[in-house]
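Structure first, commentary second.
Residue numbers run from 1 in the order of the sequence given.
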Amino acid sequence: MKYYSLNDNKNTASFSEAVIRGLAPDRGLYFPQSTPRLDESFLTEIANKSMVEIGVEVMRTFVGGTIPDARLEKIVTDTLCFDFPLIKINNNTATLELFHGPSMAFKDVGARFMARCIGYFNEQNCKKVTVLVATSGDTGGAVASGFLGIGGTEVIILYPKGKVSQIQELQLTTNGNNIKAVEVDGVFDDCQEMVKSAFIDDDLKVKLNLTSANSINVARWLPQSLYFFFAYQQFQHMRINKNLAISVPSGNFGNICAGVVAKKLGLPISHLIASTNINDTVPRYLQTQDYQPNPSKQTISNAMDVGNPSNFIRIQSLYRNDFNALKQEFSSYAYNDMETKLALGELHHKHNYIADPHGAVGYLGLQDFLAKNPDHYGVFLETAHPIKFRDIVEDTLGTTLKIPTQIQQILNKIPEKTSLSGYNAFKDYLLSQAV
Ligand SMILES: *Cc1c(COP(=O)(O)O)cnc(C)c1O
């Protein structure tokens, strides 16, 4: 399996090159050259396979010989160290909970897999890899816990001062070991600019081996396709004779794009639904066939506040840019904050389920699809634990949430961080890390 740049299909790389580089040298996203159908016997026997067996079989396709089988099995085992339960909501709907990992958001699987791949690829190299990541919240926590203790790596997380929740800040600043947190006087975009400047800074290139843990990296993006296999596997255990539709709360469209990949690999999902908040560039595109990105707007499902989703181009490629083919298997609907809060209430009062605002958006998209397609069974992905959006959930539902052990463990730890402002201060900080 080779990867090519979506800017120029002659620009190819192996899996390991694509992972280490992140973006192609021409700034394009890497994309697999093919998505070959998995072995038919594997597909018919998924119900009887373990999570690790599924993980190895699927990821073997993508690592394309750059990681030996025994090591891949270890990487997958370490990555999938928690559950992904399918919880029944009513007689035609269930939710797949993706938040049982260390940072309690679905980005844990991609971050853990990427960290272990980089750890492996860098084993023969005596120079450590410095991983830079800018975060507005969830990504940083997943990357921090994913890379914690991975030999040969050091992670530097930049976050905007005062703009992440208290729990999120503790997740970034209490890891120690090879994880460093930098609090930036500014907004998320300033953090992202500092990371971008560091990558093109020649002084840093000589001293440091820099890479990025951005969500466009193939090692963070592709393992997310496993969620769709886990959903299908548990759906099979329910012995319901209906077509399966899966709704994905979407922001940058990485997770749902991994769902399209799963479908191309042969997983029998009949329809995918990208549910968004008012950042509705893709829902509008599917109505008008005119792609018009907007600046992002703030919502209560803030991990999806993306005006120009970078992974949508990957979805279009998977459908060979055929708009009608895409529309047959893929829908997208948008909801505002008021609708999201009503859905949180409905899930709680009617179905005794406490969702987070992102999951609630996924539920809304699924309900709209099922109303028009009653011959389907629907699963929506629950992408974060409600505790991560504690204030909104507690205020909307008038309840108090229990604090899970992952969060309990960090509440009494002392945060460690470096505070700085401006690129020059960041550069000095990076150079001081190089010695
Ligand atoms: C990142 C995130 C999303 C959006 O995922 P994309 O792959 O960017 O579409 C949804 N929900 C939560 C909780 C997230 O952290």
Side-chain angles (χ1 to χ4, degrees), residues 51-52 55 75-87 95-116 131 133 135-150 153 155 157 159 163-181 183 213 215 220 223-224 226-227 230 249 255 300-304 344 348 353-360 362 381-394 397 399-417:
M51 284 195 324
V52 170
I75 291 175
V76 169
T77 308
D78 288 351
T79 299
L80 303 175
C81 62
F82 44 91
D83 291 331
F84 305 85
L86 188 69
I87 309 287
T95 181
L96 186 76
E97 293 184 343
L98 305 181
F99 57 68
H100 295 279
S103 82
M104 314 214 80
F106 84 92
K107 294 182 172 72
D108 280 326
V109 164
R112 293 177 74 76
F113 186 81
M114 177 181 175
R116 282 153 187 79
V131 180
V133 61
T135 185
S136 55
D138 275 352
T139 297
V143 170
S145 93
F147 278 84
L148 183 62
I150 299 288
T153 69
V155 177
I157 302 168
Y159 68 96
K163 305 247 170 11
V164 302
S165 75
Q166 184 211 359
I167 288 175
Q168 284 173 330
E169 182 165 29
L170 286 169
Q171 288 183 324
L172 303 176
T173 55
T174 58
N175 295 284
N177 200 338
N178 58 330
I179 313 294
K180 309 249 155 56
E183 171 190 71
S215 70
R220 271 192 64 194
Q224 300 176 143
L226 299 177
Y227 300 144
F230 300 156
N255 204 10
I300 58 168
S301 49
N302 59 25
M304 313 198 294
L344 279 174
H348 187 216
Y353 186 78
I354 299 186
D356 93 294
H358 303 77
L381 303 186
E382 180 40 305
T383 47
H385 191 288
I387 198 75
K388 293 206 78 174
F389 301 89
R390 187 177 182 178
D391 294 349
I392 289 150
V393 175
E394 290 188 344
L397 303 180
T399 53
T400 309
L401 299 176
K402 278 206 254 356
I403 301 189
T405 45
Q406 287 100 316
I407 306 292
Q408 286 283 8
Q409 284 164 2
I410 56 171
L411 284 180
N412 298 323
K413 289 197 184 167
I414 307 207
E416 276 180 47
K417 62 190 174 193

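Shortest non-hydrogen contact noted between Val109 and Tyr227 is CB-OH, 3.2 Å. Of all non-hydrogen atoms in Pro102 and Arg112, the two that sit nearest each other are CG-NH1, 3.7 Å. Nearest heavy-atom pair, Gly55 versus Leu226, reported as atom, atom and distance to 0.1 Å: CA-CD2, 3.7 Å. Among all heavy-atom pairs drawn from Asn175 and Ala144, the shortest one is ND2-CB, 3.5 Å. For the pair Leu172 and Ile179, the tightest heavy-atom approach, listed with the atom from each and the gap, is O-CG2, 4.5 Å. Residue Thr95 comes nearest to Glu382 through the heavy atom pair OG1-CB, 3.3 Å, listed as atom of the first residue, atom of the second, then distance.
For Ala360, the side chain to side chain contact (heavy atoms under 4.5 Å, CB included) partners at least two apart in sequence or on another chain are Thr340, Ala343, Leu344. Considering only residues two or more places apart in sequence or on other chains, Ile150 meets the side chain to side chain contact (heavy atoms under 4.5 Å, CB included) condition with Ala115, Arg116, Thr153. Partners of Glu97 under the salt bridge (Lys or Arg N to Asp or Glu O under 4.0 Å) rule, at least two apart in sequence or in another chain, do not exist in this structure. Under the side chain to side chain donor-acceptor pair (under 3.5 Å) criterion, Asp78 pairs with Lys74, not counting sequence neighbours. Shown here are the side chain to side chain contact (heavy atoms under 4.5 Å, CB included) partners of Lys417, two or more places apart in sequence or in another chain: Tyr159, Glu169, Thr173, Ala181, Glu183. Judged as a side chain to side chain contact (heavy atoms under 4.5 Å, CB included), and not counting sequence neighbours, the contacts of Gln166 are Leu170. In this view, Phe230 and Phe84 satisfy the ring pair (Phe, Tyr, Trp, His ring centres under 6.0 Å) rule, not counting sequence neighbours.
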Could you go through Ile414 and Thr174, starting from their C-alpha distance and side-chain angles, then the distance that decides it, and tell me whether this counts as side-chain contact (heavy atoms from CB on, under 4.5 Å)?
CA-CA 6 Å; Ile414 307 207; Thr174 58; over 6 Å; no
Please step through side-chain contact (heavy atoms from CB on, under 4.5 Å) for the pair Thr383 and Lys107, ending with a clear verdict.
CA-CA 8 Å; Thr383 47; Lys107 294 182 172 72; over 6 Å; no
Side chains of residues 384-393: which donor-acceptor partners sit under 3.5 Å, not counting sequence neighbours?
{"unit_1": "His385", "atom_1": "ND1", "unit_2": "Ile387", "atom_2": "N", "d": "2.9"}
{"unit_1": "Lys388", "atom_1": "NZ", "unit_2": "Ser103", "atom_2": "O", "d": "3.1"}
{"unit_1": "Lys388", "atom_1": "NZ", "unit_2": "Asp138", "atom_2": "OD1", "d": "2.7"}
{"unit_1": "Lys388", "atom_1": "NZ", "unit_2": "Gln171", "atom_2": "OE1", "d": "3.2"}
{"unit_1": "Arg390", "atom_1": "NE", "unit_2": "Glu394", "atom_2": "OE2", "d": "3.4"}

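Side-chain atoms of Ser136 and Asn302, non-hydrogen and from C-beta on, never get closer than 4.5 Å to each other. Under the 4.5 Å side-chain criterion, counting only non-hydrogen atoms from C-beta, Phe99 is not in contact with Asp356.
Under a 3.5 Å cut-off, the side chain of Asp83 and the backbone N or O of His100 do not form any donor-acceptor pair. Remark: side-chain polar atoms of Ser165 are paired, donor with acceptor, to backbone N or O of Gln168 under 3.5 angstrom.
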